[in-house]
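Only a predicted model underlies this, so the values are computations on that prediction, with no experimental measurement involved. Naming convention: chains lettered A, B, ... in sequence-line order (proteins, then strands); numbering from 1 in each chain.
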Number of protein chains: 2
Amino acid sequence: MPAPTPKPASPADALAPAAPVICTVDIVLLTLVDAELQVALLQRDREPFQGALALPGGYIHPQEDDSAWDAAARVLRDKAGLPNPYLEQLATFSGPGRDPRGWSLSVAYCALVPAAELAAPTAGPLVLRPVARLPSLPFDHRAIIDTAVARVRTKSQYSSLPVYLCGQVFTLPQLQAVYEAVLGEPVNKVSFRRKMDELAMLEPVEGAMTTGGAHRPAQLWRLRKPFERRLSLSERGLGVGG
Amino acid sequence: MPAPTPKPASPADALAPAAPVICTVDIVLLTLVDAELQVALLQRDREPFQGALALPGGYIHPQEDDSAWDAAARVLRDKAGLPNPYLEQLATFSGPGRDPRGWSLSVAYCALVPAAELAAPTAGPLVLRPVARLPSLPFDHRAIIDTAVARVRTKSQYSSLPVYLCGQVFTLPQLQAVYEAVLGEPVNKVSFRRKMDELAMLEPVEGAMTTGGAHRPAQLWRLRKPFERRLSLSERGLGVGG
DNA sequence: ATAATAGTGTCTGTTAGACATTATGCA
DNA sequence: TGCATAATGTCTAACAGACACTATTAT
């Protein structure tokens, strides 16, 4: 063996490593504005990258969080005023270079919320940016967002995921427009309605219709209770290309 | 507010939390033996749960690992003698109760290898157990394995994932048997071959046939180069129910 | 020749998409 | 009454699965 290297051999894992890992969560909070997927960003209030727009996130607090998921829910509650959004784990990003403070690990989560909920005054100083035209972002937040968008697009092809971008009640034409915005391509109306029927996740809201223009009003629908926090999956997808 | 609680209010995240998070990786190493999915387990050589069978894993070493993926690859290399297996991130498991040493976080990875590679003498003291009949396991390793198996089953429905359970070359009847073992149900031969053709990931190995019994030998195939480390995805799946 | 498995041709039922038609409210 | 959109009926093309048939080797 030549001269000693900066990488000390690990002492058989007997103890936790000396250099601690910085453990955080980051949330990709997506919503739909102007028929476009937008991500919520927050101006950082401290170093590193103080003042820059970045994903909402924060340290995992072992004292108060029962899991990384709980840490993400806490961040969403405290920084976005969202008490109970749809929230699912995306992936974990890690390495020595992604955070100037040192070797870091971030469990990334993806949250979907209706745009109306982000407009509420409790939503805090969130800033929305279209995922198709992102500003330059610190850390590896661009890669995290790209991963989230790809996941949402893929999952929308065969699941009820986009309903979390709608409000409590919605019409089928509205829901179809949401699918089309997320997938980025038109969807066949007849097939779409057949799929929604087959997914068996919607129930009509009796006696209620939208009013708008000089035309027939549309039936209102809402999620059936078993699917309020659980996706409905289609075996064959919606037939839109991936 | 009443008396002080054991949960100190977080000081605005100014510093990393006092109690460090135990950061590890765990690997669900799956292979196919006797037409059954089996997971590789290792007898733990230290506390906690010394002597018990558990998933191979270990601390993330910030000094030598460039990412959690690298840590998982290192564990597979050192503990299973596998230099370059198929390895993908599964999910991250965390919380105060999963490890008696304290609040811990484990990035779980899923590896697929041909059974022949695990039989090699370099493979170390790994023990294979059918995922359908798991022994009692420490930590939350049972939940991690169940998640991995569910993921592999789902992904096998629409991708080339099971080829990583085959060796370098294989016949289509062999590959179909692998799919059937993973999915747990028979697959239509004609449809299966149509899909394999459509996935465009295989190329015939010229002039080579398997020899075995008193019957027509089968064509040998191998993965085309672009797919050696990349899955091929089918838009519509293999038609088997999920 | 026979056995046994590999590989293919073909038919049929199912599914998805295109198109056309009816429904319903408002101006 | 006409217009605009909602909702549905129907035809057709694409696809998956069942079945049967041919191919090829060893015995």
* Kindly check if the number of other-residue, nucleotide or ligand heavy atoms within 6.0 Å of CD (B/Gln168) is above 12? =>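 Incorrect, the count does not exceed 12.
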* A/Arg230 atom CZ: more than 12 heavy-atom contacts under 6.0 Å ->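 No.
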If I take atom [atom1] in residue [X] and atom [atom2] in nucleotide [N], what distance separates them, rounded to the nearest angstrom?
{"X": "B/Leu175", "N": "C/dA6", "atom1": "CG", "atom2": "P", "answer": "13 Å"}
{"X": "B/Gln176", "N": "C/dT5", "atom1": "CD", "atom2": "P", "answer": "14 Å"}
{"X": "A/Glu180", "N": "C/dG17", "atom1": "CD", "atom2": "C1'", "answer": "14 Å"}
{"X": "A/Asp197", "N": "C/dT15", "atom1": "CG", "atom2": "P", "answer": "13 Å"}
{"X": "B/Glu235", "N": "C/dT15", "atom1": "CD", "atom2": "P", "answer": "17 Å"}
{"X": "B/Lys195", "N": "C/dG7", "atom1": "NZ", "atom2": "P", "answer": "20 Å"}
{"X": "A/Arg236", "N": "C/dG13", "atom1": "CZ", "atom2": "C1'", "answer": "12 Å"}
{"X": "B/Tyr179", "N": "D/dG17", "atom1": "OH", "atom2": "P", "answer": "14 Å"}

* Does the pair A/Glu203/A/Lys225 count as a salt bridge with the N-to-O cut at 4.0 Å? ->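 So A/Glu203 does not pair with A/Lys225 through a salt bridge.
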* Please determine if B/Lys155 and B/Glu88 form a salt bridge, counting it only when a charged side-chain N lies under 4.0 Å from a carboxylate O. =>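 A salt bridge is present here (some side-chain N lies under 4.0 Å from a carboxylate O).
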* Considering heavy-atom distances to DNA chain D, does A/Arg193 or B/Phe192 have its closest nucleotide positioned more toward the 5' end? ->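 Nearest nucleotide further toward 5': that of A/Arg193.
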* With distance as the sole criterion, is a donor-acceptor pair present between the side chains of A/Ser67 and B/Ser94 under 3.5 Å? ->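 Not at all, the side chains of A/Ser67 and B/Ser94 share no donor-acceptor pair under 3.5 Å.
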* Asked: So, the side chain of B/Tyr109 versus the backbone of B/Trp69: is there a donor-acceptor pair under 3.5 Å, distance only?
  ->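 It does hold such a pair.
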* To do: Under the salt bridge (charged side-chain N to carboxylate O under 4.0 Å, His left out) rule, what do B/Glu198 and B/Lys195 come out as? Steps first, then yes or no, please.
  => CA-CA 5 Å; B/Glu198 168 189 313; B/Lys195 277 295 171 196; 3.0 Å; yes
* Please name all residues satisfying side-chain hydrogen bond (donor to acceptor under 3.5 Å, both in side chains) with A/Arg193, sequence neighbours left out, ordered by chain then number. =>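 Expected list: none.
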* Terminal axis angle for the helix from C/dA1-D/dT27 to C/dA27-D/dT1, five pairs an end, nearest 10 degrees ->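 End axes: 10° apart.
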* Plane angle bin for A/Phe192 and A/Tyr179 - parallel if under 30°, tilted between 30 and 60°, otherwise perpendicular ->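 Because their plane-to-plane angle is over 60°, the rings of A/Tyr179 and A/Phe192 count as perpendicular.
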* To do: Report the nucleotide, chosen from D/dA7, C/dG17, C/dG7, that has the shortest atom-to-atom distance to any side-chain atom of B/Gln219.
  =>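 So the side chain of B/Gln219 is nearest to C/dG7.
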* Going 5' to 3' along nucleotides 18-27 of chain D, which nucleotides have protein heavy atoms under 4.0 Å from the base (write B), which only from the sugar-phosphate (write S), and which from neither (write -)? -> BB---BBBB-
